[in-house]
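Presented below is the structure to which this report refers.
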Amino acid sequence: MDFTIPKVMGIVNVTPDSFYSGSRTQTAEDIRLRVEKMVADGVDILDLGGYSSRPGADNVGAEEEYDRLARGLEVIRGCAPDIPVSIDTFRASVARRCVENWNVDIINDIGGGTLDPDIQETVAELGSVYVLMHMRGTPSTMQTLTDYDDVTADVIADLAKKVYHLRGLGVNDIIIDPGFGFAKTVAQNFRLLDELGEFCKMGMPVLAGISRKTMIWKTLGITPDESLEGTVALDAFALDRGADIIRVHDVLPAVQTVRLYSEMRGVGG
C-alpha cells in the first residue's frame, strides 16, 4: 500500500456495546448499508470489530467474537470484495480463523501482544499485516495505569521492544499505533498527538485512532455523538504530524480531510 496519500480506515463494529452507538451494526442488512456507504464515501480499509474494548464492556468469549466477525465478513466479502479488511482482535484463535476462512488482510491487536501471548507468533505464521498498538493492562484496568516518566518516549520504547520481537519472528509488515485513549490521560493523549512525528521516525506506517474518543468529548464537554467536528480537527493535526492512516467512524469527512491535506502538500493532483 502506497502512503504518499494517507489512508482512511473505516470502523465497522458488530457489537451491541461499542462506546459510539453510531458504529454498532447488528444485522446483515445494517452491516451491508454501513459498508456500502463507506465504500461510496471512499474508504481505503475496513476495520471490523466484534469485541468492545471500552471500560465496562461485557466480556465476550472467543467463539462469540468469531461468530460476530464471520457475520460481518460474509457481508463485506459479498458487497466490498476489493477493499482490504482489518480484524480488530487480540485473540490468536480468532485471528487465525478469520485469515484462514475469510482471507483477512490485517490483524489489528489492541493489546500489542499482551492480552494473548500467542497472537504475534500466529501473525508471523499467517503472514498477515499487523497493527501493533500500545496499551497497558486490560480494557477494564488500563485507565489506572497512566503513570509515565515521559509518555511519548515510554510508549516508543515499549513499541520498539515489541517490533524487535516481531522482526525476530519474521513479521515484516507492521503498522504502529500509539494507542490513543488506552492507558493514557486526556493530557497524555494530546502530548502523543503533538509528538506523533516521533513515532514516524520508527520507519513504519503510523495509525492514529482518535475518532470520537474521550480526549475530544471530555475536553469539549460534549458526548461521543457530538464529537464529529472535533474528530475532523484532530485528524487534520494527526495528518500534519505524519499519520499514514486515520481510523474513523465517519468516512466521508475523513476522506475530505485527507484530500484537502494532500492538496495543501502538493500530492493530491
Side-chain angles (χ1 to χ4, degrees), residues 9 11-15 17-18 45-55 57-74 76-77 84-145 154-183 199 202 204-207 209 245 247:
M9 175 185 277
I11 300 166
V12 182
N13 286 320
V14 281
T15 54
D17 55 354
S18 295
I45 304 165
L46 293 167
D47 187 53
L48 184 67
Y51 183 110
S52 176
S53 57
R54 69 170 177 82
D58 293 337
N59 185 40
V60 174
E63 193 65 33
E64 182 176 354
E65 182 187 5
Y66 174 75
D67 287 345
R68 291 177 177 181
L69 293 171
R71 183 168 69 248
L73 287 166
E74 182 176 15
I76 290 170
R77 289 311 190 199
V85 177
S86 166
I87 290 298
D88 187 352
T89 186
F90 58 82
R91 290 184 168 121
S93 62
V94 173
R96 179 179 295 280
R97 292 174 73 182
C98 287
V99 173
E100 292 180 345
N101 296 339
W102 300 100
N103 198 29
V104 164
D105 306 280
I106 302 166
I107 304 302
N108 184 3
D109 175 16
I110 64 165
T114 64
L115 298 177
D116 185 337
D118 296 326
I119 191 163
Q120 293 183 344
E121 287 80 0
T122 299
V123 169
E125 182 183 337
L126 295 169
S128 304
V129 178
Y130 183 62
V131 178
L132 171 65
M133 197 190 86
H134 176 272
M135 75 172 295
R136 289 174 169 178
T138 67
S140 61
T141 65
M142 61 187 179
Q143 291 312 120
T144 67
L145 302 171
D154 291 354
V155 171
I156 288 174
D158 181 79
L159 292 173
K161 290 177 184 177
K162 291 172 180 173
V163 168
Y164 181 81
H165 175 68
L166 287 162
R167 297 295 193 208
L169 294 173
V171 179
N172 296 315
D173 296 311
I174 302 170
I175 297 168
I176 295 294
D177 181 349
F180 291 99
F182 288 79
F199 292 87
M202 298 180 72
M204 289 156 279
V206 173
L207 184 154
I245 304 169
R247 181 178 179 270

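Please read all numbers here as calculations on a predicted model, not as lab measurements.
Between the side chain of Gln120 and the backbone N or O of Thr114 there is no donor-acceptor pair closer than 3.5 Å.
In terms of heavy-atom proximity, Ile107 sits nearest to Ala95 at CD1-CB, 3.8 Å. In this structure, Pro178 and Val206 approach most closely via the heavy-atom pair CD-CG1, 4.5 Å. Closest of all the heavy-atom pairs between Val94 and Ala62 is CG2-O, 3.7 Å. Gly137 and Leu115 get closest at one heavy-atom pair: O-CD2, 3.5 Å.
Every residue two or more places apart in sequence or in another chain that forms a ring-ring contact (aromatic ring centres under 6.0 Å, His included) with Phe90 is listed here: Tyr51. With sequence neighbours left out, Ser93 forms a side-chain hydrogen bond (donor to acceptor under 3.5 Å, both in side chains) with no residue at all. Listed by chain and number, the residues in a side-chain hydrogen bond (donor to acceptor under 3.5 Å, both in side chains) with Arg91 are Glu65 (sequence neighbours excluded). Applying the side-chain hydrogen bond (donor to acceptor under 3.5 Å, both in side chains) test to Thr138 and every residue at least two apart in sequence or in another chain returns Ser140, Thr141. Partners of Asp47 by salt bridge (charged side-chain N to carboxylate O under 4.0 Å, His left out), not counting sequence neighbours, listed by chain and number: Arg247. With sequence neighbours left out, Asp116 forms a salt bridge (charged side-chain N to carboxylate O under 4.0 Å, His left out) with no residue at all. Remark: Glu64 pairs with Arg68 by the side-chain hydrogen bond (donor to acceptor under 3.5 Å, both in side chains) rule, at least two apart or across chains.
Between Asp88 atom CG and Leu46 atom CG the span is 13.0 Å, to the nearest 0.5 Å. To the nearest 0.5 Å, atom CG of residue Leu207 and atom CZ of residue Phe180 are 9.5 Å apart. Taken to the nearest 0.5 Å, the CD1 atom of Ile176 stands 5.0 Å off from the CG atom of Leu159. Considering OG of Ser128 and CG of Asn108, their distance stands at 12.0 Å, rounded to 0.5 Å. The distance from atom OG of Ser86 to atom CD1 of Ile175, rounded to the nearest 0.5 Å, is 7.5 Å. With rounding to the nearest 0.5 angstrom, the CZ atom of Arg136 is 15.0 Å from the CZ atom of Phe182.
Each of Ile76, Val85, Leu48, Val104 was evaluated against Leu69; a single residue qualifies, Leu48, per the side chain to side chain contact (heavy atoms under 4.5 Å, CB included) test.
Side-chain contact between Cys98 and Thr89 is absent, with no heavy-atom pair separated by less than 4.5 Å.
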Report all side-chain donor-acceptor pairs from residues 160-174 shorter than 3.5 Å, counting only partners two or more places apart or in another chain.
| residue | atom | partner | partner atom | Å |
| --- | --- | --- | --- | --- |
| Lys162 | NZ | Asp158 | OD2 | 2.9 |
| Arg167 | NH1 | Val171 | O | 3.2 |
| Arg167 | NH1 | Asn172 | O | 2.7 |

Handout entry: Residues Asp177, Ile245; criterion side chain to side chain contact (heavy atoms under 4.5 Å, CB included); working and verdict
Key = CA-CA 10 Å; Asp177 181 349; Ile245 304 169; over 6 Å; no
Practice task
Step by step, work out the side chain to side chain contact (heavy atoms under 4.5 Å, CB included) result for Leu132 and Met204.
Solution key: CA-CA 11 Å; Leu132 171 65; Met204 289 156 279; over 6 Å; no
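Sorted by first then second residue, the ring pair (Phe, Tyr, Trp, His ring centres under 6.0 Å) pairs that include residues 101-132, not counting sequence neighbours, number zero. Legend: salt bridge (Lys or Arg N to Asp or Glu O under 4.0 Å) pairs involving residues 93-115, not counting sequence neighbours, sorted by first then second residue: Glu63-Arg97, Arg77-Asp105, Arg96-Glu100, Arg96-Glu125.
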